[in-house]
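Throughout, a chain's letter reflects where its sequence line sits, starting with A, and its residues are numbered from 1.
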2 protein chains.
Amino acid sequence: MVHIPNQQPAQRSVPTSADVARLAGVSRATVSYVLNNTSAVRISEPTRRRVHDAARELGYVPHAAARSLRAGHSRMVLMPTSEIPMGLLFSTFFNELQWALSRLDYTVVQYASLGMTGEDAARAWAELRPVAVLAPDASALGPRGVTVLKRSGAKAVFTLGPQRVEGAHALLMDGRRVGRAAALHFLARGRRRIGAIVPTEAGLEMFWQPRVAGLRETVEATGTHGATVTELSLGYSEESAARLAARWRDLGVDAVFAYNDEYAMLLMRALQDEGIDVPGDTAVIGSDDLMLGRLLRPRLSTVRIDLPSGRSLAELVDRVVRDPGAEPEVHDVLGADVVHRESS
Amino acid sequence: MVHIPNQQPAQRSVPTSADVARLAGVSRATVSYVLNNTSAVRISEPTRRRVHDAARELGYVPHAAARSLRAGHSRMVLMPTSEIPMGLLFSTFFNELQWALSRLDYTVVQYASLGMTGEDAARAWAELRPVAVLAPDASALGPRGVTVLKRSGAKAVFTLGPQRVEGAHALLMDGRRVGRAAALHFLARGRRRIGAIVPTEAGLEMFWQPRVAGLRETVEATGTHGATVTELSLGYSEESAARLAARWRDLGVDAVFAYNDEYAMLLMRALQDEGIDVPGDTAVIGSDDLMLGRLLRPRLSTVRIDLPSGRSLAELVDRVVRDPGAEPEVHDVLGADVVHRESS
DNA sequence: TTGAAAGCGATACCAC
DNA sequence: GTGGTATCGCTTTCAA
């Protein structure tokens, strides 16, 4: 393509270390030594000065790609993101992790991988030659994907989520524990006919399915006589909640576990508007322990989810990067306990 | 560094196109042609096959850095992130934008730039040679920063936030409009002594200061007799809200604009617990139009903030990347209107 | 239709 | 102390 310098008179092309060298009257090697403060080589003060001045004058900035190509490795940590909006809890967690990693001098790259799955996605990620990959969804990666990543030089492959996968380290976040905590709470308080509020919004299955499964399993495992679990769909709107509340008495449910606090609050308000007493007629419990749940009357009971600190996970990642040979470990990182307030 | 292959027996190094060429018995050029489907060159079917097979067998994945180094440009869009957790509204917006960009075949990279400011940060970003930079905080970038980025080859530099900066395109999100909408609402309804709830949490100034400024300006501009604005600090906790509510009657405030709906809900509950009638004694308005505000009684009035779609902004970025010569434009993208419910 | 080779930008070894 | 130069992996022009 022919490039005619038009309105941009000063559109010089991007300065390279060669330009700096030329201007300073030294070799590119010297430029590199000075700018990287290479300790193995001593450069005279006047030369250093000339190089620094030249670099400043040209506005020279080193080229990260060229550097890591030469070095044969980078410090990029890849975090593929999915389109679905996770709740406040998880986005806070990911944010923290990201910051902790950058504090350890990693470059964290969030990469949106449009509807690819498994090996295809892994290949796309591998092109960036990340030193570590933190994939939120193990199922979409698969053992083949892990192999692809490792072959391409990734020293650490982690999955963060409800599943694990062969060959990768896992930060296992077992949502079933959330459902289990709720179930035990209800059963201990004599509730038997348990509803499970499930969001109709697409893409959230990854979060609610394990929670409901945990609820079910626990109810069945305890073998409490007459205990049942019923799934109930709820969209995130007042109308949807009103519709569900309108047929509530027919459902014969005396306790309900909601996917999270927001859905719980929505439902609880609709139940109250319908004249149903909470917790008298129906006990309600949410999850995530949002501050706002305390503002309702009765105050919302909830399952508090404990996630490890971003810092500790960043350190774990760092450790694996430094010792890539180690056997993949599974870290069970999700804790869940009931915060009993007034709605249950 | 000496590398002794120890526990990992199959630790062959990462395959390159040269390895593929060797295995397929062709040259590296041919490998490139085949794998990139170069239309300018026709390769015989048997050769294509051999190359593909070899690539598959080796698990070959091209090296993005090498490729873009050679190409002289990349399609990376850099979005520096700040440590502060923005609200749901903005994180949704950024998410959308990110996805829209990746749909336009850009690689979106979120980069955490630890406490650097201005030129330093810009230099760190420039090392990645992004084709575009979307910086959330104009003030921290500065005109010098913009220059650095452009010098390093960035075709589009955008700021997204309440301020603009010389040389960069701006997606101006003028928070003062939010305060203005609230002020007009209160004044029209005869309220005079207006409180402004301001979060004590650090790092949020960028969001609330413009809102409060807009509130102030508007009250002063209308010159309503006896109208005042008082800033009131509130931490995100029930205790903090209770403390503020306890001294409420002394404050003599008949209307209060909260930084956002969450703080508004927190305060409103505390006021009610203190026996203060909302909206009778004090009108309350929040902002962001959270669903949960509708669940309180009275339903929370709010200032709804309109942000443009991620898609339209992604297209704007794309347009500027394709025509980098264009004069920087300022796009005023934040709309604000009052949603009057019951608390005001 | 295929191959040889230049070159993108930075670094580090080896001479001088 | 400083400078040449090979090299990282890939694309692309030019010749064969």
Side-chain angles (χ1 to χ4, degrees), chain A residues 1 12-51 54-55 58-75 126-129 131 151-153, chain B residues 1-3 12-51 54-55 58-75 123 126-129 151-153:
Chain A
M1 190 209 297
R12 311 189 285 286
S13 61
V14 187
T16 73
S17 74
D19 296 319
V20 177
R22 220 174 346 260
L23 182 58
V26 299
S27 76
R28 303 165 62 210
T30 306
V31 172
S32 178
Y33 293 142
V34 172
L35 265 29
N36 294 310
N37 258 316
T38 309
S39 52
V41 162
R42 293 195 52 78
I43 304 283
S44 71
E45 205 44 53
T47 308
R48 302 184 87 78
R49 207 180 203 69
R50 289 220 311 286
V51 169
L58 293 175
Y60 169 71
V61 174
H63 192 307
R67 175 182 286 170
S68 73
L69 176 60
R70 170 64 227 232
H73 62 261
S74 74
R75 290 187 63 82
E127 293 197 358
L128 301 177
R129 295 290 190 273
V131 69
R151 259 234 183 65
S152 80
Chain B
M1 193 206 297
V2 183
H3 183 274
R12 311 189 288 285
S13 62
V14 187
T16 72
S17 73
D19 297 319
V20 177
R22 218 172 351 258
L23 182 58
V26 300
S27 75
R28 303 164 60 211
T30 307
V31 171
S32 177
Y33 293 142
V34 171
L35 262 31
N36 294 309
N37 257 315
T38 308
S39 50
V41 161
R42 294 195 53 76
I43 304 284
S44 70
E45 205 44 53
T47 307
R48 302 184 86 78
R49 207 180 204 70
R50 289 219 311 285
V51 170
L58 293 176
Y60 169 71
V61 174
H63 191 306
R67 174 180 286 172
S68 72
L69 178 59
R70 167 68 226 229
H73 58 81
S74 75
R75 289 185 64 80
R123 248 188 300 275
E127 293 197 0
L128 300 177
R129 296 290 192 275
R151 258 233 182 66
S152 82

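Between the NE2 atom of A:H73 and the C1' atom of D:dG9 there is a distance of 16 Å, rounded to whole Å. In this structure, B:L69 atom CG and D:dC8 atom C1' are separated by 9 Å, rounded to whole Å. Atom CZ in A:R42 sits about 19 Å away from atom C1' in D:dG3, given to the nearest Å. Following rounding to the nearest Å, B:R49 (CZ) and C:dT1 (P) show an atom-to-atom distance of 17 Å. Atom-to-atom, CD1 of B:I43 to C1' of C:dT1 comes out at 6 Å; the value is rounded to the nearest Å. Taking atom CZ of residue B:R129 and atom C1' of nucleotide C:dA10, one finds them 11 Å apart after rounding to whole Å. Summarising the geometry, the separation between NE2 on A:H63 and P on C:dG7 is reported as 18 Å, rounded to the nearest angstrom. Here the C1' atom of nucleotide D:dT12 and the CG atom of B:N37 are 16 Å apart, to the nearest Å.
Take the nearest nucleotide of DNA chain C for B:S27 and for A:A65: the residue whose nucleotide is more 5' is B:S27. Residue A:S44 is the one, among A:S44 and B:A71, whose nearest nucleotide of DNA chain D lies closer to the 5' end (criterion: closest heavy atom). Both B:N36 and A:V26 lie close to DNA chain D; mapped to their nearest nucleotides by heavy-atom distance, the more 5′-ward contact belongs to A:V26.
For D:dT2, the OP1/OP2 oxygens have no side-chain nitrogen or oxygen of A:T30 closer than 4.0 Å. For A:S17 and C:dA10, the shortest distance from a side-chain N or O to OP1 or OP2 is below 4.0 Å. Applying the 4.0 Å criterion to OP1 and OP2 of D:dG3, one finds that A:R28 has every side-chain N and O outside that range. Taking 4.0 angstrom as the limit, A:T16 places none of its side-chain polar atoms (N or O) nearer than this to OP1 or OP2 of C:dC8.
Among A:S32, A:P62, A:S74, the single residue meeting the side-chain contact (heavy atoms from CB on, under 4.5 Å) criterion with A:R67 is A:P62.
B:R50 places no side-chain N or O within 3.5 Å of a backbone atom of B:A21 that could act as its donor or acceptor partner. Looking at A:R28, its side chain never comes within 3.5 Å of a backbone N or O of A:S17 through a donor-acceptor pair. Counting only distance, with no hydrogens or angles, the side chain of B:S68 and the backbone of B:A71 share no donor-acceptor pair below 3.5 Å. Remark: the backbone N or O of B:A40 is not paired with any side-chain donor or acceptor of B:T38 at under 3.5 angstrom.
When every heavy atom of B:L58 is checked against every heavy atom of B:L23, the shortest pair comes out as CG-CD2, 3.9 Å. Among all heavy-atom pairs drawn from B:A66 and A:L69, the shortest one is CB-CD1, 3.9 Å. B:P15 approaches B:G59 most closely through the heavy-atom pair CG-O, 4.0 Å.
Proximity note for A:Y33 (side chain, C-beta onward) versus C:dT11, C:dA5, C:dC13: the nearest is C:dC13.
Contacts of B:T47 with the nucleic acid, taken as non-hydrogen atoms under 4.0 Å apart, involve only primed sugar atoms and P, OP1 or OP2. Using a 4.0 Å heavy-atom cutoff across all strands shown, B:S68 reaches no nucleic acid atom at all. If you check every strand for non-hydrogen atoms under 4.0 Å, A:R70 touches a base. If you check every strand for non-hydrogen atoms under 4.0 Å, B:S32 touches a base.
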For DNA chain D, produce a single dot-bracket line, 5' to 3'. Pairs: Watson-Crick or G-U wobble, both distances under 3.5 Å. Symbols: ( ) within strand, [ ] crossing, | other strand, . unpaired. ||||||||||||||||
